[in-house]
There are 2 protein chains.
Amino acid sequence: MLSQHVDTVNMPISTPDTKQVLLRAAVEIAETDGVGAIGLREAARRAGVTHGAPYRHFENQQALVAAVAEQGFRELMAEVQSAQAVAGNDVLARFHALGVAYLRFALGHPGQFRVMFGAEAAAEPAVRSAEAAVFALAVNEIAGAQRQGLIAAGDPQELALLAWSTSHGLAVLMIDGLVQWVGLDTTAPERLAKRITALMFNGLQRGVPAVRSRRPS
Amino acid sequence: MLSQHVDTVNMPISTPDTKQVLLRAAVEIAETDGVGAIGLREAARRAGVTHGAPYRHFENQQALVAAVAEQGFRELMAEVQSAQAVAGNDVLARFHALGVAYLRFALGHPGQFRVMFGAEAAAEPAVRSAEAAVFALAVNEIAGAQRQGLIAAGDPQELALLAWSTSHGLAVLMIDGLVQWVGLDTTAPERLAKRITALMFNGLQRGVPAVRSRRPS
DNA sequence: CCTACCGATCGGTAGG
DNA sequence: CCTACCGATCGGTAGG
């Protein structure tokens with residue numbers, strides 16, 4: 001009579017390492033073929049396991065995509081924070097460090113960056129809160145500068161939104177390859193990020209503030 | 001003996017209208033299910049034709065996606081330009097009109113907006129040149145304001161990149177749903193766009209320009 | 001523009 | 001973690 005019980009002893013055990021290998025594979029897919037190509041089977045293929053294995057680590061495809069985004073936010077936050085630590089206490093230097101680190105990450109991991117802010121992962125709560133953390137960091141930065149009296153008063157959330165929008169927009173447009181169509185220097189993204197940050201810092205106006213629209217003469 | 005020649009007379013003729021219906025269907029897919037779901041078969045299904053029909057109008061899937069992006073750029077340019085026409089000659093009013101129209105389009109067609117600036121369509125030359133046209137419009141706007149002496153001197157391309165980055169970043173972050181995590185007023189995107197534009201216009205600095213970083217005391 | 005067909009990929013599950 | 005299997009979808013082509 002054959003044994004009726006499942007031979008759990010000879011069943012391969014899910015190694016914690018496999019999850020990391022699968023995640024790295026998924027990130028690689030994002031970079032090479034885009035979000036649309038991220039799948040449990042393709043990740044398994046690149047990770048060198050069979051296509052049933054990923055389900056031991058990720059509930060479904062959406063969870064894998066979300067994991068790619070979350071991993072990206074972790075790395076982004078780490079890089080941004082360490083850049084700020086290096087920058088010290090000078091306000092403009094800190095803004096420059098923020099902008100440069102943000103752009104550098106985006107250009108270094110364009111596929112993953114797109115996943116982080118793409119529609120596929122937007123619904124994931126963990127991704128939303130990671131996004132909120134980035135915003136919170138910007139708000140803190142603004143509030144600190146205000147306490148030192150170094151930038152204008154005003155709703156720190158609004159000012160932080162301006163700063164983030166500028167950095168994020170620049171990153172997205174550069175990933176998109178805009179630079180190839182423009183006379184600006186592509187080879188020095190850091191320099192461009194600093195220029196844009198400085199312009200944002202100074203504003204576009206000339207002389208007195210031009211907030212109120214004047215009537216046509 | 002059966003006729004050997006193809007009965008071209010009884011073969012349905014490709015109607016020019018079908019292409020438009022397919023394109024509209026594809027745009028709808030982008031809005032409801034995202035870029036990844038745009039396919040010739042699904043478009044055919046929604047358009048009410050058989051799955052072989054789309055090949056009469058679009059060479060392949062990529063061409064359909066590109067068409068969605070191109071159509072989006074046409075509409076965006078039209079809306080932005082008409083908003084500027086209404087705004088008249090006041091510089092700040094024109095900037096506000098630009099920012100508001102841009103954000104309004106993005107929030108009104110988030111799926112299509114994502115296709116316009118997504119990786120899938122980025123390689124398409126027609127999309128790249130449409131993108132360049134948006135940038136050119138911004139450069140023109142900046143250069144005109146400079147000629148009137150109403151904004152700071154400087155490379156108009158750099159200043160235009162700042163303006164576009166700000167508007168684009170705001171649009172992307174809002175599409176992403178950032179607003180739900182922030183205390184800012186979601187219900188009035190136009191107001192928010194104007195605030196951000198005004199802040200960009202004035203800059204963040206307080207008192208004298210703080211371009212040069214000072215050494216820590 | 002339609003019908004019919006191909007090869008390939010995918011998500012997911014059962015069972016060991 | 002593996003093997004085997006399911007149903008579904010897709011891009012694309014042949015032929016009328």
Side-chain angles (χ1 to χ4, degrees), chain A residues 1-26 28-30 32-68 120-121 123-124, chain B residues 1-26 28-30 32-68 120-121 123-124:
Chain A
M1 190 191 225
L2 294 171
S3 152
Q4 295 284 327
H5 78 285
V6 175
D7 182 4
T8 49
V9 174
N10 284 340
M11 271 172 61
I13 294 163
S14 154
T15 71
D17 192 59
T18 301
K19 181 164 187 172
Q20 293 306 317
V21 177
L22 284 167
L23 181 52
R24 266 191 283 270
E28 195 184 295
I29 297 170
T32 56
D33 300 313
V35 211
I38 298 179
L40 293 164
R41 294 178 98 106
E42 178 63 24
R45 211 167 289 133
R46 299 203 189 201
V49 295
T50 56
H51 63 257
Y55 291 91
R56 299 277 279 179
H57 305 282
F58 301 96
E59 199 181 354
N60 52 33
Q61 185 206 14
Q62 192 177 341
L64 181 60
V65 173
V68 170
E120 295 81 1
E124 219 65 30
Chain B
M1 193 191 223
L2 293 172
S3 151
Q4 296 284 325
H5 78 286
V6 175
D7 182 4
T8 50
V9 175
N10 283 341
M11 271 171 60
I13 295 162
S14 152
T15 71
D17 192 56
T18 300
K19 180 165 188 172
Q20 293 306 316
V21 177
L22 284 167
L23 181 52
R24 265 190 284 271
E28 196 184 294
I29 297 170
T32 58
D33 300 312
V35 211
I38 299 179
L40 293 164
R41 294 177 99 107
E42 178 62 24
R45 210 168 289 132
R46 299 202 188 201
V49 295
T50 55
H51 63 257
Y55 291 92
R56 299 278 279 178
H57 305 282
F58 301 97
E59 198 181 355
N60 51 33
Q61 185 206 15
Q62 192 178 339
L64 181 60
V65 173
V68 170
E120 296 81 2
E124 218 65 30

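Values below: every heavy atom of this structure, side chains too, minus hydrogens, waters and symmetry copies. Computed from a prediction, not measured in an experiment: that's the story for all the values here.
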**Prompt:** Atom CZ of A:F58 and atom P of C:dG11: how far apart are they, to the nearest Å?
**Reply:** 13 Å
**Fill in**
When rounded to whole Å, the CG to P distance for the pair B:L40 and D:dG11 reads 5 Å
**Message:** Could you tell me how far apart B:H57 (NE2) and D:dG11 (P) are, to the nearest whole angstrom?
**Reply:** 16 Å
**Item:** Rounded distance in Å - CZ (B:R56) to C1' (D:dG12)
**Value:** 16 Å
**Prompt:** Of the non-hydrogen atoms in B:F58 and B:A67, which two are nearest, and what is the gap between them?
**Reply:** CE2-CB, 3.8 Å
**Prompt:** How far apart are the closest heavy atoms of B:A44 and B:P54, and which atoms are they?
**Reply:** CB-CG, 3.6 Å
**Prompt:** How long is the span from the CG atom in A:L22 to the NZ atom in A:K19, to the nearest 0.5 Å?
**Reply:** 9.5 Å
**Request:** Sequence neighbours left out, what passes side-chain contact (heavy atoms from CB on, under 4.5 Å) with B:E120? Give chain and number order.
**Result:** B:V35, B:V65
**Asked** What is the minimum heavy-atom distance between A:L64 and A:A26, and which atoms define it?
**Response** CD1-CB, 3.8 Å
**Item:** Shortest non-hydrogen separation from A:H57 to A:A53 and the atoms involved
**Value:** CD2-O, 3.9 Å
**Minimum heavy-atom distance A:I38-A:Q61, with the two atoms named** = O-NE2, 2.9 Å
**Prompt:** How would nucleotides 4-9 of chain D be written as a contact map, 5' to 3', with B for base contact, S for sugar-phosphate-only contact and - for no contact, using protein heavy atoms under 4.0 Å?
**Reply:** BB----
**Asked** To the nearest angstrom, how far is B:L22 atom CG from D:dG11 atom P?
**Response** 13 Å
**Prompt:** With B:Q62, which residues qualify under side-chain contact (heavy atoms from CB on, under 4.5 Å), at least two apart?
**Reply:** B:N60, B:E124
**Spacing between A:Y55 atom OH and C:dG16 atom P, to the nearest angstrom** = 20 Å
**Asked** Partners of B:E42 by side-chain contact (heavy atoms from CB on, under 4.5 Å), sequence neighbours excluded?
**Response** B:I29, B:R45, B:R46
**Prompt:** For DNA chain D, what residues of residues 59-68 of chain B have any heavy atom nearer than 4.0 Å?
**Reply:** B:N60, B:Q61
**Asked** If a stem is a run of at least 3 consecutive Watson-Crick or G-U pairs, both distances under 3.5 Å, which stems include DNA chain C?
**Response** C:1-16 with D:1-16
